[in-house]
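To find a chain, count down the sequence lines: A is the first, B the second, and so on, and within it residues start at 1. A quick note: this is a predicted structure, and the numbers were derived from the prediction, not measured.
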2 protein chains.
Amino acid sequence: MSMRSRSVVTIADVARACGVGTMTVSRVINGKKHVSEAMVRRVEEAIARLNYQPNEAARTLKGRTSRTLGLIVPSLSDPFFSQCAHAVQQVAAEQGYMTMLFACEASHSVEAEELSQMRSRNIAGILIVPSSENSMEQLKELRRSGMPVVMMDRTIAGIDAGEVMVENLEGSFRATNHLIDHGHRRILCVGYDREYNSIGQRMDGYRKAMQTAGLQPQYLLVKRGVPVGPRVVAALRAVKPPTAIFSLNNVTSVAVLSALKREKIRIPEQVAMVGFDDFELASLLAVPLTAVRQPAAELGRQATRMLIDSLRSGSGNQQMSARIVLPTELILRQSCGCEPLAQITPLD
Amino acid sequence: MSMRSRSVVTIADVARACGVGTMTVSRVINGKKHVSEAMVRRVEEAIARLNYQPNEAARTLKGRTSRTLGLIVPSLSDPFFSQCAHAVQQVAAEQGYMTMLFACEASHSVEAEELSQMRSRNIAGILIVPSSENSMEQLKELRRSGMPVVMMDRTIAGIDAGEVMVENLEGSFRATNHLIDHGHRRILCVGYDREYNSIGQRMDGYRKAMQTAGLQPQYLLVKRGVPVGPRVVAALRAVKPPTAIFSLNNVTSVAVLSALKREKIRIPEQVAMVGFDDFELASLLAVPLTAVRQPAAELGRQATRMLIDSLRSGSGNQQMSARIVLPTELILRQSCGCEPLAQITPLD
DNA sequence: CTGAAAGCGCTTACAG
DNA sequence: CTGAAAGCGCTTACAG
């Protein structure tokens with residue numbers, strides 16, 4: 001690796017420059033008391049002059065844990081997760097923590113690899129949007145060894161970790177009721193998978209609303225990777241077609257919207273639509289989408305605070321039973337059948 | 001920090017379990033030769049049984065540089081950057097590197113802090129979408145101390161670093177020409193800032209096209225943070241209003257689109273539009289946006305490869321003059337005035 | 001093919 | 001208030 005001379009300045013150099021022991025320099029760096037004012041100034045001057053930067057690896061090696069948080073999200077291309085990640089990073093930075101961010105692509109082998117990387121890098125704590133039951137064992141073991149963990153957006157049962165969720169059931173319930181209020185009786189619930197409890201809760205909210213109204217729930221669920229668009233179109237061409245669609249997440253909403261556009265099926269005249277998960281451009285679409293807005297940034301913020309709190313209280317080995325559930329909000333636009341000017345709420 | 005017992009298993013434990021020296025275990029881990037097959041098996045079995053994970057901090061401390069790449073982007077909420085970041089992470093992971101991802105929020109103080117964090121964490125190399133001239137000094141110093149650096153999307157002069165850019169000038173030239181071909185003579189170039197060379201190149205492409213056609217360039221540039229929407233609307237209400245708009249990036253495009261919608265100004269009838277930077281929902285908008293597509297993922301991929309190459313060749317202390325420029329593509333939709341069915345190209 | 005020793009840069013008790 | 005010594009977990013020469 002050639003003769004890298006990077007970060008040549010060590011604590012010993014600073015100590016030498018001041019004619020003191022390394023201990024004294026260390027104390028100054030770490031803001032410890034028991035150092036005379038004059039000495040503090042002398043050392044700080046030398047640190048500045050030599051442009052000394054403590055070597056984090058060495059600190060970590062002693063302290064056993066670095067001031068770094070690990071964050072695992074399924075993907076960075078989903079704006080929901082990127083907003084969330086963004087918030088995590090901000091709060092962490094404010095509190096003096098760095099964030100190592102990983103996208104696992106919803107693959108459990110990638111997720112597993114990342115978790116093991118985190119362990120070997122002495123991460124202080126983990127924030128995760130869990131993607132796979134398969135990583136559960138690893139997460140459990142991490143918890144057992146005292147690593148604080150907070151799950152966000154969705155959770156996996158049987159893991160003693162902090163949880164920050166969103167009111168999935170309530171949001172879906174309200175969204176579905178809104179469609180029912182518009183007079184719809186055959187409402188199709190469309191989504192990509194039921195493997196996460198967040199999605200499960202959304203389905204429950206939909207079902208509850210339908211049953212409360214004496215209506216028959218109807219589902220169109222496909223495996224991840226299978227295009228929903230064509231299936232939805234087919235469903236709309238059946239004998240007694242649904243007159244409205246409730247979509248379980250933004251990826252599905254976009255897919256459905258694309259398919260409807262391709263087939264020139266008009267919204268809300270031929271089929272009304274409400275989606276779970278709002279996004280920036282929802283109000284600029286051909287038909288502005290009525291959607292359940294989730295507080296993505298707030299989710300990240302709260303989760304980060306929870307994790308840092310448990311780090312500070314040193315409760316790594318204790319139970320991490322904290323649980324926060326954040327409210328969702330139904331943003332009315334036109335895809336549900338509301339009047340164009342009823343309420344134009346751009347995201348942001 | 002209570003009695004954390006994390007990662008108790010060390011190389012010494014494994015060595016003891018096998019009745020060998022730590023050196024032998026180290027050799028097995030690092031895939032070194034000079035170890036007997038039988039020994040390799042014995043050690044690997046012990047590693048698996050004890051669930052041993054090498055401590056990265058200790059390795060780093062010895063090797064002076066960790067197998068971690070630092071990535072700084074202005075923001076994660078801009079899909080262009082998040083796609084880019086995503087690609088970086090994938091390529092890095094394939095090559096056995098982790099990525100530390102930071103969003104600097106286009107603030108040079110944040111950027112500076114992140115750069116200094118990277119140094120103290122023995123990052124192997126840096127990938128950066130530079131946000132501020134102010135961090136230039138720091139970047140230069142990092143280079144001087146042998147840290148490989150690759151700038152992507154935009155570059156700052158005077159820094160000896162690898163560069164991966166996009167054909168900004170060519171893309172803008174083609175986009176502007178397309179509007180001219182539609183018969184427009186008064187085309188307004190709208191954007192948020194000219195502080196980056198990428199934006200400068202786009203403006204140059206626009207100007208070149210205008211001048212070549214014997215037309216007068218017209219600019220509407222506002223400082224970051226100042227809303228462009230109202231200004232554009234005002235410009236459209238002037239005496240000889242522009243009949244077309246060329247927007248310099250996606251943030252601006254969305255802002256303009258919102259303003260036009262709010263004012264019920266029809267596209268492309270009242271004003272045509274082409275934007276630099278394509279995005280997923282561009283084809284589902286009320287008026288599908290004609291846009292210059294940049295290869296975001298490819299940008300990240302190439303930059304990462306360039307960085308890792310220079311890491312491998314140990315050329316940290318040498319010149320890093322590699323430079324790659326990737327092509328852009330004009331995606332025709334309807335906002336420019338093309339026929340609805342001319343070419344419907346959804347992103348992805 | 002295998003191992004004992006030294007040291008990476010820092011901090012943690014322990015003395016003065 | 002200040003410092004010398006030991007050690008965190010690993011790898012790098014150097015021997016055998």
Side-chain angles (χ1 to χ4, degrees), chain A residues 1-44 46-47 50-67 119-124, chain B residues 1-44 46-47 50-68 119-122 124:
Chain A
M1 189 113 296
S2 79
M3 62 234 85
R4 292 269 182 83
S5 55
R6 193 183 309 166
S7 189
V8 256
V9 189
T10 73
I11 197 170
D13 298 322
V14 178
R16 211 170 303 124
C18 299
V20 299
T22 60
M23 193 56 259
T24 303
V25 179
S26 174
R27 271 193 278 253
V28 171
I29 296 165
N30 295 293
K32 290 281 168 58
K33 300 296 145 202
H34 311 294
V35 191
S36 69
E37 282 248 352
M39 183 58 85
V40 170
R41 265 197 303 277
R42 185 139 61 101
V43 171
E44 282 179 341
I47 287 177
L50 298 176
N51 190 22
Y52 166 68
Q53 305 231 224
N55 180 321
E56 203 63 26
R59 292 178 129 178
T60 303
L61 190 53
K62 280 304 298 183
R64 316 295 259 85
T65 161
S66 70
R67 283 175 73 77
R119 160 184 294 236
S120 70
R121 276 161 204 259
N122 304 72
I123 288 274
Chain B
M1 190 110 295
S2 79
M3 61 234 84
R4 292 269 182 83
S5 54
R6 194 184 307 164
S7 189
V8 257
V9 189
T10 74
I11 198 172
D13 298 322
V14 177
R16 209 169 304 122
C18 299
V20 299
T22 60
M23 193 54 258
T24 303
V25 179
S26 175
R27 273 195 275 255
V28 171
I29 295 166
N30 294 294
K32 289 283 169 54
K33 300 297 145 202
H34 312 294
V35 190
S36 67
E37 281 250 352
M39 182 58 86
V40 171
R41 263 196 304 277
R42 187 140 62 103
V43 172
E44 283 179 340
I47 287 176
L50 298 176
N51 188 23
Y52 165 68
Q53 305 233 225
N55 180 321
E56 203 62 25
R59 293 178 127 176
T60 302
L61 191 53
K62 282 303 297 183
R64 315 295 257 84
T65 162
S66 70
R67 284 175 74 77
T68 303
R119 161 184 292 237
S120 71
R121 276 161 205 260
N122 303 72

Any ion pair linking A:Arg41 and A:Glu44 (charged N to carboxylate O, less than 4.0 Å)?
no

List for me each residue that meets side-chain contact (heavy atoms from CB on, under 4.5 Å) alongside B:Thr68, sequence neighbours excluded, and say none if there are none.
A:Met100, A:Arg121, B:Ser66, B:Met98, B:Met100, B:Ile123

Side chains of A:Leu61 and B:Asn55 in contact at under 4.5 Å (non-hydrogen atoms)
yes

If the condition is side-chain contact (heavy atoms from CB on, under 4.5 Å), which residues does B:Met39 pass it with, not counting sequence neighbours?
B:Val20, B:Thr24, B:Val35, B:Ser36, B:Arg42, B:Val43

Strictly below 4.0 Å: does B:Ser26 bring a side-chain N or O up to OP1 or OP2 of D:dT11?
yes

In this structure, how many angstroms lie between the P atom of D:dA13 and the CG atom of B:Asn30, rounded?
13 Å

Atom CD of B:Glu37 to atom P of C:dC1: distance rounded to whole Å?
10 Å

Nearest-Å distance for atom pair CZ/C1', residues B:Arg42 and C:dT2:
11 Å

Measuring only between side-chain heavy atoms, which start at C-beta, is A:Leu50 closer than 4.5 Å to A:Arg16?
no

As a test of your reading of the structure, name each stem of DNA chain D as range with range, where a stem is three or more consecutive Watson-Crick or G-U pairs at under 3.5 Å.
C:1-3 with D:14-16, C:5-12 with D:5-12, C:14-16 with D:1-3

Could you give the CZ-to-C1' distance, from B:Arg41 to C:dC1, as a whole number of Å?
15 Å

Side chains of B:Thr22 and B:Thr10: closer than 4.5 Å at any heavy-atom pair?
no

Specify the closest pair of heavy atoms between A:Ala46 and A:Cys18, including all atoms of both residues, with the distance to one decimal.
CB-SG, 3.5 Å

Please report, rounded to the nearest Å, how far the P atom of D:dC14 is from the NE2 atom of B:His34.
15 Å

Rounded to whole angstrom units, what separation is found between the CG atom of B:Leu61 and the C1' atom of D:dC10?
8 Å

Closest heavy-atom contact between B:Ile29 and B:Tyr52?
CD1-CE2, 3.5 Å

What heavy-atom pair brings B:Arg67 and B:Glu56 nearest, and what distance separates the two atoms?
N-OE2, 4.5 Å

Is the shortest side-chain N/O distance from A:Thr10 to OP1 or OP2 of C:dC8 below 4.0 Å?
no

Picking from C:dC1, D:dG9, C:dC10, which would you name as closest to the side chain of A:Ile11?
C:dC10

Phosphate-side-chain proximity, B:Arg59 and D:dT11, N/O vs OP1/OP2 below 4.0 Å:
yes

Does D:dC8 have its OP1 or OP2 closer than 4.0 Å to a side-chain nitrogen or oxygen of B:Asn55?
no

Rounded distance (Å) that lies between atom P of D:dC8 and atom NZ of B:Lys62:
15 Å

Rounded off to whole Å, could you give me the CD-to-C1' distance for the B:Gln53 and D:dG9 pair?
14 Å

Which protein N or O atoms sit under 3.5 Å from an N or O of nucleotides 3-5 of chain D?
residue, atom, partner, partner atom, Å
D:dG3, OP2, A:Gly21, N, 3.0
D:dG3, OP2, A:Thr24, OG1, 2.4
D:dG3, N7, A:Arg27, NH2, 2.8
D:dG3, O6, A:Arg27, NH1, 3.4

